[in-house]
Amino acid sequence: MEKQQENGQKTAFIAIVGRPNVGKSSILNAMIGQKIAIVSRKPQTTRTRITGILTRGETQLVFTDTPGLHKPRNRLGDYMVKAVNQSVAGVDACLLVAEAGAGISYADEELIGRFRSMGIPAVLAINKIDLLKEKSDLMQEIAAFSQKFDFEAIVPVSAMNHSGIKELIAELSKLSMPGMHFFDDTALTDQPDKVLAAEIVREKLLRLLDKEVPHGIAVAVERMQERENGSEILDIDATIICERDGHKGIIIGKGGETLKKVGTLARVDMEKFFGCKVNLKLWVKVKEDWRNRQNLLQSFGYDSRYLDE
């Protein structure tokens, strides 16, 4: 303990929580300064707990980006809710993200109740202030949340233009406690490269496909290997799993157009993140009702602790 205090290091584990589609992943990416969590306008984009790591001098903040709290409709939905509950139970503090002008939702009420019952300190980030027409609405929202819970700080932010992000990091840093850093100071995430690659592909599918099809999709990276000829090319083979034959046709598109577009967009992001040329190959397979099949969920990398009967 004396050694920890002598080196001046401090750390805090912080869960980012909130209802779906309020910009939790966007805020995480903005704070980290690197895209490590996928983003789309569709709710329930985040399915698993994504860890982001921000080290500024002696302080290391370890963020967990959780799925949006919602009413589950299948086993995958149950998994996502359990992941949120576990995240809140095992952290030093929480960052509740709400949407400017949206008021206090049922999910917000639920989460605030957990902060109170568990004695967890929390910071509130009110996101999307750039879209708010009346600033008086923001003040009313701040007042309403203040009456619900004694937040350590309430910070209006815009993940889109990074307004308020520095102030948010400063407030969260105040919650860190003396202790050795758990991760290397240069680390940005603890996610395996295969998981990051799969999530990049899934993000492009979310953006390009409509209605319910994207939510019935999983992506599994079968192979990820650097070529040995010194060409600095990373070969990635990934399989897109969907629930119906009709969905398979939509994903592939006429003449393979949609699948090609997914591959092109995903490859650009992968090359930016991994810092090398990427040769990406995609396949599409049908696995009916995979979101309710525990063995398939486990094979896609979902934590078995949250998949109990």
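- With a 6.0 Å radius and a threshold of 12 heavy atoms from other residues, nucleotides or ligands, Asp184 has its CG atom above the threshold.
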Should Val123 and Leu168 be marked as a side chain to side chain contact (heavy atoms under 4.5 Å, CB included) after you check the CA-CA gap, both sets of side-chain angles, and the distance that decides it?
-> CA-CA 9 Å; Val123 169; Leu168 180 59; 3.9 Å; yes
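- Under the rule for a salt bridge (Lys or Arg N to Asp or Glu O under 4.0 Å), the partners of Lys174 that lie at least two apart in sequence or sit in another chain are Glu171.
- Gln60 places no side-chain N or O within donor-acceptor distance of the main-chain N or O of Thr55, the cut-off being under 3.5 Å.
- Listed by chain and number, the residues in a ring-ring contact (aromatic ring centres under 6.0 Å, His included) with Phe182 are Phe13 (sequence neighbours excluded).
- Side-chain atoms of Glu199 and Val219, non-hydrogen and from C-beta on, never get closer than 4.5 Å to each other.
- Using a 4.5 Å heavy-atom threshold, the side chains of Val62 and Thr64 count as separate.
- Among residues two or more places apart in sequence or in another chain, the side-chain contact (heavy atoms from CB on, under 4.5 Å) test is passed with Val286 by Cys242, Asp245, Lys248, Glu288.
- Minimum interatomic distance between Leu175 and Ala93 (heavy atoms only, all atoms of both residues): CD1-CB, 3.6 Å.
- Rounded to the nearest 0.5 angstrom, Ile251 CD1 and His247 NE2 are separated by 8.0 Å.
- Within the model, atoms CG of Leu111 and OG of Ser105 stand 8.0 Å from one another, a figure rounded to the nearest 0.5 Å.
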Criterion side chain to side chain contact (heavy atoms under 4.5 Å, CB included) on Ile112 and Leu96, from CA distance to verdict = CA-CA 9 Å; Ile112 288 172; Leu96 175 62; 4.1 Å; yes
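- Looking only at side-chain heavy atoms (C-beta outward), Leu124 and Val155 stay at 4.5 Å or farther from each other.
- Using a cutoff of 4.0 Å between basic side-chain nitrogens and carboxylate oxygens, Glu99 and Arg19 are scored as salt-bridged.
- Connection of Ile104 to Ile142 is established within a shared hydrophobic cluster, with ILVMFWY side chains joined at heavy-atom distances below 4.5 Å, either directly or through further cluster members.
- Tested against Met270, the residues Asp193, Leu196, Ile236 include a single side-chain contact (heavy atoms from CB on, under 4.5 Å) partner, Ile236.
- Residue Glu226 places its CD atom among 12 or fewer non-hydrogen atoms of other residues, nucleotides or ligands, all under 6.0 Å distant.
- For the atom pair Lys166 NZ and Met31 CE, the distance stands at 15.0 Å (nearest 0.5 Å).
- Annotation: side chain of Ser163 is not in contact with side chain of Val157 (no heavy-atom distance under 4.5 Å).
- Counting heavy-atom neighbours within 6.0 Å of Arg244 CZ, excluding the residue itself, gives a total of 12 or less.
- One finds the CG atom of Asp150 at 7.0 Å from the CD atom of Glu152 (value rounded to the nearest 0.5 Å).
- In this structure, the side chains of Ile169 and Arg56 come closer than 4.5 Å at one or more pairs of heavy atoms.
- For the pair Cys276 and Glu271, the tightest heavy-atom approach, listed with the atom from each and the gap, is O-CG, 3.2 Å.
- Partners of Phe149 according to the ring-ring contact (aromatic ring centres under 6.0 Å, His included) rule, which considers only residues two or more places apart in sequence or in another chain, are Phe115, Phe151.
- Residues Pro20 and Lys24 share a closest heavy-atom pair of CA-NZ, 4.1 Å.
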Only distances under 3.5 Å count here; give the side-chain donor-acceptor pairs of residues 127-136 to other protein atoms, sequence neighbours excluded, each with its distance to 0.1 Å.
residue, atom, partner, partner atom, Å
Asn127, OD1, Ala159, N, 3.0
Asn127, ND2, Val22, O, 3.0
Lys128, NZ, Asn21, O, 3.0
Asp130, OD1, Ser158, OG, 2.8
Lys135, NZ, Ile129, O, 3.4

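- Annotation: side chain of Thr59 is not in contact with side chain of Gln9 (no heavy-atom distance under 4.5 Å).
- Put simply, the side chain of Asp92 does not reach to within 4.5 Å of the side chain of Ile14, judged on heavy atoms.
- Salt-bridge formation is detected for the pair Lys148/Glu109: a Lys NZ or Arg NE/NH1/NH2 atom is positioned less than 4.0 Å from an Asp or Glu carboxylate oxygen.
- Residue Ser146 comes nearest to Ile154 through the heavy atom pair OG-CD1, 3.3 Å, listed as atom of the first residue, atom of the second, then distance.
- The side-chain contact (heavy atoms from CB on, under 4.5 Å) test with Leu265 is passed by exactly one of Glu203, Arg207, Lys204: Lys204.
- More than 12 heavy atoms of other residues, nucleotides or ligands shown are found within 6.0 angstrom of CZ on Arg116.
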Output, in order, the C-alpha distance, side-chain angles, deciding distance and verdict of side chain to side chain contact (heavy atoms under 4.5 Å, CB included) for Leu188 and Ile32.
-> CA-CA 7 Å; Leu188 297 177; Ile32 298 299; 3.8 Å; yes
Check residues 255-262 and write down every donor-acceptor pair under 3.5 Å in which the side-chain atom is one partner and the other belongs to a residue at least two apart or another chain.
none

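- One distance of note links CD of Glu58 with OG1 of Thr11; it measures 12.5 Å at 0.5 Å rounding.
- Residue Glu141 comes nearest to Ala98 through the heavy atom pair OE2-CB, 4.5 Å, listed as atom of the first residue, atom of the second, then distance.
- When all heavy atoms are compared, the tightest approach of Asp108 to Val97 is OD1-O, 4.4 Å.
- Note that CG of Leu209 and CZ of Arg202 are 12.0 Å apart. Values are rounded to the nearest 0.5 Å.
- When side chains are defined from C-beta on, Phe274 counts as touching Met224, because their heavy atoms get closer than 4.5 Å.
- Contact check on Glu222 versus Lys281 returns no salt bridge, with no Lys/Arg side-chain nitrogen under 4.0 Å from an Asp/Glu carboxylate oxygen.
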Leu282 and Val201: CA distance, side-chain angles, deciding distance, side chain to side chain contact (heavy atoms under 4.5 Å, CB included) verdict | CA-CA 9 Å; Leu282 299 174; Val201 173; 4.2 Å; yes
